[in-house]
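Letters go in sequence order (proteins before strands), and every chain restarts at 1.
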Protein chains: 2
Amino acid sequence: MKRYPDAIRILVAIDCIIMGFDGTAIKLLLIKRNFEPEKGNWSLMGGFLHQNEDLEAGAERILFDLTGLNNIFVEHITTAGKIDRDPVERTISVVFFALININNQDQEALNAHNAQWLSLEEKPELIFDHDEMVTKAIEYLRYKAALHPLGFELLPEKFTIPQLQKLYEAIYDMKLDRRNFSRKILSTGLLVDTGEKYEQSATKKATLYQLNQDRYKDKFFAFWHFMPHPGID
Amino acid sequence: MKRYPDAIRILVAIDCIIMGFDGTAIKLLLIKRNFEPEKGNWSLMGGFLHQNEDLEAGAERILFDLTGLNNIFVEHITTAGKIDRDPVERTISVVFFALININNQDQEALNAHNAQWLSLEEKPELIFDHDEMVTKAIEYLRYKAALHPLGFELLPEKFTIPQLQKLYEAIYDMKLDRRNFSRKILSTGLLVDTGEKYEQSATKKATLYQLNQDRYKDKFFAFWHFMPHPGID
DNA sequence: TTTAATTGTGTCAATATTACACGATTTTTA
DNA sequence: TAAAAATCGTGTAATATTGACACAATTAAA
């Protein structure tokens with residue numbers, strides 16, 4: 001007794017682009033599939049939506065499955081629905097974007113899924129339309145990180161300004177001026193000096209900061225320009 | 001012979017938030033449903049995804065159905081998937097955002113669908129989760145219009161700077177300084193003086209401009225600040 | 001103890017932004 | 001017929017932000 005008898009019903013997948021930062025490069029958490037179809041090929045982590053599950057919840061389930069992490073930064077970024085995107089059966093994929101601290105996740109879970117962190121340069125070709133999704137995610141990261149203090153999700157709780165700068169340089173694949181970057185970041189009032197120094201430094205030890213959480217939440221959606229914008233033309 | 005036998009298959013709807021500008025206020029094109037369920041109640045224009053149809057194509061079909069227009073500015077903004085969002089049967093809705101020139105559409109098609117332009121203040125309560133979708137669309141418009149020359153989609157081909165300013169004032173519900181707005185817009189090089197004047201003006205006739213199409217396409221995705229940002233803090 | 005690498009802070013000139021004033025044009029009104 | 005009212009176009013000065021750049025301080029290694 002279906003109420004919408006003429007409409008089609010199709011599979012709903014959830015795919016997650018999971019990004020991390022290793023201090024030098026932005027990395028993607030990808031899996032080498034140990035199941036059909038496309039067994040042995042690289043793919044985003046994903047799965048099908050469950051019966052009694054919201055989309056967000058599905059994304060969180062999939063992320064927890066792979067990383068053992070909860071409370072991850074996750075946002076829905078796009079939905080892929082090309083007719084033949086899955087060769088087996090028509091499937092729509094709801095795509096989520098996740099940022100995590102690369103050091104936190106559960107290595108055993110990663111192994112069980114054949115997962116590996118690969119930098120954007122190392123990225124192999126992915127199955128289906130997953131490459132397009134990654135492209136969108138990178139665009140999204142660049143777009144959003146220029147305006148919102150997003151990058152902190154990729155760093156440890158305590159971090160130095162030079163680390164943060166290297167992160168932005170990795171995101172935008174460009175060099176930034178140390179002095180101007182520092183001034184801009186500090187002027188946001190988002191950072192709190194912990195009084196500690198980064199001990200692993202080879203030379204002068206940089207100050208460790210942490211986020212002013214209240215201010216971070218308050219100001220996340222305010223417009224900001226974290227990136228220089230020379231000669232807009 | 002299904003390859004993914006355990007996964008669920010559900011309905012995929014497409015819903016469109018259609019915005020226009022009447023010279024004073026941002027308006028939504030809404031329909032009073034003449035079909036069940038929720039017959040007689042206000043709703044976004046939508047429909048179900050067809051068998052051999054991509055998502056974008058579905059959105060364009062639905063928009064054409066209602067307005068008689070092609071080549072509309074359309075973007076996918078979000079996907080709604082709460083378990084009970086449709087009381088009849090589980091349905092995921094892929095939401096699109098469309099901007100059109102309010103004077104262009106086909107009045108007969110509007111009548112056939114019971115459609116009406118309503119300002120945001122007049123907006124009645126909508127069915128299902130359509131109110132949430134509208135909220136997201138307004139946020140999206142404000143976000144995007146601050147950075148990209150988006151507003152032109154809502155104006156006639158030839159328009160005056162004061163008209164454009166009123167549009168921005170409607171989007172952000174705030175007053176802007178005439179002089180500064182004019183300077184900023186003109187400095188983008190996006191406008192071309194047509195040499196004509198807006199004849200319907202009650203007093204001094206304003207210059208009619210049109211978009212520099214090449215520059216518009218080139219620069220659409222560049223970052224710009226179209227809105228003032230006094231004392232970011 | 002010198003060297004090399006890196007961090008923290010400061011300055012200055014160029015640019016962009018904001019706030020604000022005035023003259024010009026056109027219709028309405030006295 | 002002229003003054004008034006409304007709106008449009010442009011200009012300017014004070015302020016804030018940005019980009020480019022210099023120098024001193026810290027630390028491990030040479």
>> Without decimals, in angstroms, what is the distance between L191(B) CG and dG9(D) C1'?
In response: 14 Å

> Any donor and acceptor pair, going by atom type alone, linking the side chain of T194(A) with main-chain N or O of L208(A) inside 3.5 Å?
Replying inline: yes

> Expressed in angstrom and rounded to an integer, what is the separation of L186(B) atom CG from dT17(C) atom P?
Replying inline: 14 Å

>> Distance check needed: dC8(D) P versus D193(B) CG, whole Å only.
In response: 15 Å

>> Whether the side chain of R183(B) and the base of dG9(D) hold a donor-acceptor pair under 3.5 Å is what I'd like checked.
In response: no

> In whole angstroms, how far is the P atom of dG8(C) from the CZ atom of F181(A)?
Replying inline: 12 Å

>> Donor-acceptor check, side chain of E169(B) to backbone of L176(B), threshold 3.5 angstrom: yes or no?
In response: yes

Under 3.5 Å between N/O atoms: give me all the protein pairs with nucleotides 26-30 of chain C, atom names plus distance.
| from | atom 1 | to | atom 2 | distance (Å) |
| --- | --- | --- | --- | --- |
| dT26(C) | O3' | K205(B) | NZ | 3.2 |
| dT27(C) | OP1 | K205(B) | NZ | 3.0 |
| dT27(C) | O4' | A202(B) | O | 3.0 |

> Taking L154(B) as the fixed residue, which of N101(B), D22(B), L167(B) is the one that meets the side chain to side chain contact (heavy atoms under 4.5 Å, CB included) rule?
Replying inline: L167(B)

> Within this structure, what is the CG-to-C1' distance between N180(A) and dA22(D), rounded to whole angstrom?
Replying inline: 13 Å

> Between F97(B) and F73(B), how do the two ring planes meet: parallel, tilted or perpendicular, split at 30° and 60°?
Replying inline: perpendicular

>> If you take any heavy atom closer than 4.0 Å to DNA chain D, which residues from residues 152-179 of chain A end up in contact?
In response: D177(A), R179(A)

> Applying ring-ring contact (aromatic ring centres under 6.0 Å, His included), which residue pairs with at least one partner in residues 166-214 of chain A are found, sequence neighbours left out?
Replying inline: Y168(A)-F181(A)

> Do the side chain of S187(A) and the main chain of K184(A) share a donor and acceptor less than 3.5 angstrom apart?
Replying inline: yes

> Is a side-chain N or O of R215(B) found less than 3.5 angstrom from the main chain of T188(B), in a donor-acceptor match?
Replying inline: yes

> Given dG9(D), is OP1 or OP2 found less than 4.0 Å from the side-chain N or O atoms of T207(B)?
Replying inline: yes

> Tell me: NZ of K184(B) to C1' of dT15(C), nearest whole Å?
Replying inline: 13 Å

> Only one of V94(A), L44(A), D129(A) clears side chain to side chain contact (heavy atoms under 4.5 Å, CB included) with D15(A); which?
Replying inline: L44(A)

> Can we call the ring centroids of F221(A) and Y143(B) under 6.0 Å apart?
Replying inline: no

